[in-house]
Amino acid sequence: MTDLWILIIPPVAGGIIGYFTNDLAIQMLFRPYKPIYFGKRRLPFTPGLIPRNQERLAGRISDTIMGSLLTPEELQKLTKRLLTPDRVQGSLLWLLRLAIEQIQEDKEQKTAKILAEILRDLFNNSLPRLIQVFARKEDFLEDQINHMFDRVLLDFRLSDPQARQFADWILQVVLPPDLLRQAIVDFLTDRNIAIIDEGFREKTSGTTWVVANLFGIKNSLARLRTFCLDEKEIANARLKELVLSLEIRDRIRRWLQNLSLQNLPLSTVRQLRKTTRETVRIYIQDKGSTLIQGLGSSIDWDKLSIILIKRLRNSEVLNTSLETISWELALILERYLERDLEKLVAQAIPILAIDRVIINRINATSPAQLETTIQGIVKSELQAIVNLGGFLGFLIGLLQSIFLILR
């Protein structure tokens with residue numbers, strides 16, 4: 001029996017020793033978590049290997065990751081795979097819709113206030129200065145004014161109701177009977193009457209010469225002037241009847257309807273277009289800034305911006321065009337990244353400080369968490385090492401038993 005125990009004990013003891021020594025070695029990688037002191041002396045192998053060298057381990061891991069895994073070339077490839085046009089469009093579309101929702105939920109009208117300030121500054125400061133600069137050029141608004149002249153003024157004709165209203169306005173406001181009577185009185189001065197009478201006497205012939213020399217028209221014109229001065233109401237009534245009997249209103253209406261720039265000679269039209277362009281340019285150059293500033297001061301920009309924001313909220317065109325806008329922006333960003341991606345990545349790496357993030361994250365992790373994490377990753381491999389230690393110890397003990405038997 002004694003010989004039997006001598007043969008059995010070596011492999012069993014070797015297996016137990018190999019198993020538990022490997023398990024102890026693995027445990028000593030992590031434990032103890034803190035140093036243990038005996039008096040003032042720190043016991044060797046405390047804390048464990050990984051907690052004792054955690055900072056150096058963090059640096060090594062960071063150098064390994066940044067040196068072989070997250071290189072600038074790999075970051076560029078990751079960025080290209082991440083920032084594909086489809087993904088960028090989705091992100092931009094989300095941002096645009098979020099911005100629209102924020103505008104719709106803006107109860108304090110902050111967006112409207114900002115827009116009002118922008119429009120106010122544009123009309124009161126920026127736009128007048130730009131006009132002063134551009135108006136100095138000879139071709140300022142040349143194409144626009146020519147286009148407006150050719151499309152609007154050249155083809156402009158008054159309709160029958162418009163010509164009728166214009167003719168009524170001329171006869172009632174511009175040339176009323178009282179104004180016509182006063183014009184006749186102002187025209188029939190003694191000098192003008194004498195000139196007319198002398199002209200009829202000397203330059204007429206036939207019956208007109210006989211009437212002018214026998215009867216003269218001087219007395220008739222003088223009586224007409226006296227009648228207009230003394231009998232104002234009767235003269236006005238007669239002039240009104242004369243306007244009606246002569247159909248002056250219809251004549252003016254037909255003249256206005258036939259009035260068109262197309263009836264003028266081509267050279268006259270070209271000169272008129274040039275004159276119009278020069279007149280507008282000079283006027284804008286001299287008074288354009290004042291005109292725009294006055295226009296900007298007369299507009300309630302706060303109210304106008306609120307109206308614009310409300311229209312923007314309810315605009316179907318804006319909502320339907322967000323996808324197109326986001327896609328165009330994505331294409332622009334793609335072209336920009338193709339050109340400057342390497343520079344951007346080179347600038348982003350120091351800013352992101354990925355190596356410091358890795359080091360700080362590892363240093364901030366407690367030894368217990370590190371042990372749990374590593375055990376979770378390589379638990380089966382560590383257990384295989386422990387089992388292998390037990391197996392090797394058992395094998396060596398078995399060889400020792402065989403050696404004893406052979407002896």
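Start at 1 with the first residue, then count along the sequence. FYI, side chains are in, hydrogens and waters are out, and symmetry mates aren't considered; it's all heavy atoms of this structure.
Qualifying salt bridge (charged side-chain N to carboxylate O under 4.0 Å, His left out) partners for Asp302, counting only residues two or more places apart in sequence or in other chains: Arg120.
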Under 3.5 Å, side-chain donor or acceptor atoms of residues 180-187 against the rest of the protein: list the pairs with distances, not counting sequence neighbours.
from	atom 1	to	atom 2	distance (Å)
Arg181	NE	Asn236	OD1	3.2
Arg181	NH1	Cys228	O	3.0
Arg181	NH2	Asp178	OD1	2.9
Gln182	NE2	Asp186	OD1	3.1

Enumerate, atom names and distances included, each donor-acceptor pair closer than 3.5 Å involving a side-chain atom of residues 165-175, sequence neighbours excluded.
from	atom 1	to	atom 2	distance (Å)
Asp168	OD1	Arg249	NE	2.7
Asp168	OD1	Arg249	NH2	3.4
Asp168	OD2	Arg249	NH2	3.1

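Annotation for Phe20: atom CZ does not count as buried by contact number, only 12 or fewer foreign heavy atoms lying within 6.0 Å. No more than 12 heavy-atom neighbours from other residues, nucleotides or ligands sit within 6.0 angstrom of CD on Glu55.
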Exercise. Checking side-chain contact (heavy atoms from CB on, under 4.5 Å) for the pair Arg238/Ile234: CA distance, chi angles, key distance, verdict?
Worked result: CA-CA 6 Å; Arg238 296 294 178 269; Ile234 298 175; 4.1 Å; yes
Exercise. When you look at Phe394 and Ile16, which way does the side-chain contact (heavy atoms from CB on, under 4.5 Å) test go after all the steps?
Worked result: CA-CA 8 Å; Phe394 177 81; Ile16 293 173; over 6 Å; no
Exercise. For Ser326 and Leu329, what are the C-alpha separation, side-chain angles and deciding distance, and is it a side-chain contact (heavy atoms from CB on, under 4.5 Å)?
Worked result: CA-CA 5 Å; Ser326 60; Leu329 291 176; 5.7 Å; no
For this session: Carefully, step by step, assess Trp327 and Asp86 under the rule side-chain contact (heavy atoms from CB on, under 4.5 Å).
Result: CA-CA 8 Å; Trp327 178 250; Asp86 294 337; 3.6 Å; yes
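To the nearest 0.5 Å, atoms CD1 (Ile396) and CZ (Phe391) are separated by 10.5 Å. Separating the CZ atom in Arg191 from the CD1 atom in Ile193 is a distance of 12.5 Å, to the nearest 0.5 Å. For the atom pair OG of Ser159 and CD of Gln257, the computed distance is 7.5 Å after rounding to the nearest 0.5 Å. In this structure, the separation between OG1 on Thr226 and CZ on Arg223 is 9.5 Å, given to the nearest 0.5 Å. To the nearest 0.5 Å, atom CG of residue Leu256 and atom CD1 of residue Ile252 are 7.0 Å apart. Taken to the nearest 0.5 Å, the CZ atom of Arg253 stands 9.5 Å off from the CD atom of Glu247.
Between the side chain of Asn360 and the backbone N or O of Arg356, at least one donor-acceptor pair lies under 3.5 Å. Distance alone, capped at 3.5 Å, is enough to place a donor-acceptor pair between the Thr276 side chain and the Leu272 backbone.
Side-chain contact between Glu117 and Ile114 is absent, with no heavy atoms from C-beta onward closer than 4.5 Å. Counting only heavy atoms from C-beta outward, the side chains of Leu24 and Thr21 never approach each other to under 4.5 Å.
With respect to the salt-bridge test (charged N to carboxylate O, under 4.0 angstrom), the residues Asp190 and Arg225 qualify.
Smallest separation of non-hydrogen atoms from Arg251 and Leu246: NE-O, 3.0 Å. Nearest heavy-atom pair across Pro177 and Lys240 is CG-CB, 4.0 Å. Here the closest heavy-atom approach between residue Leu242 and residue Ser245 is recorded as O-OG, 3.0 Å.
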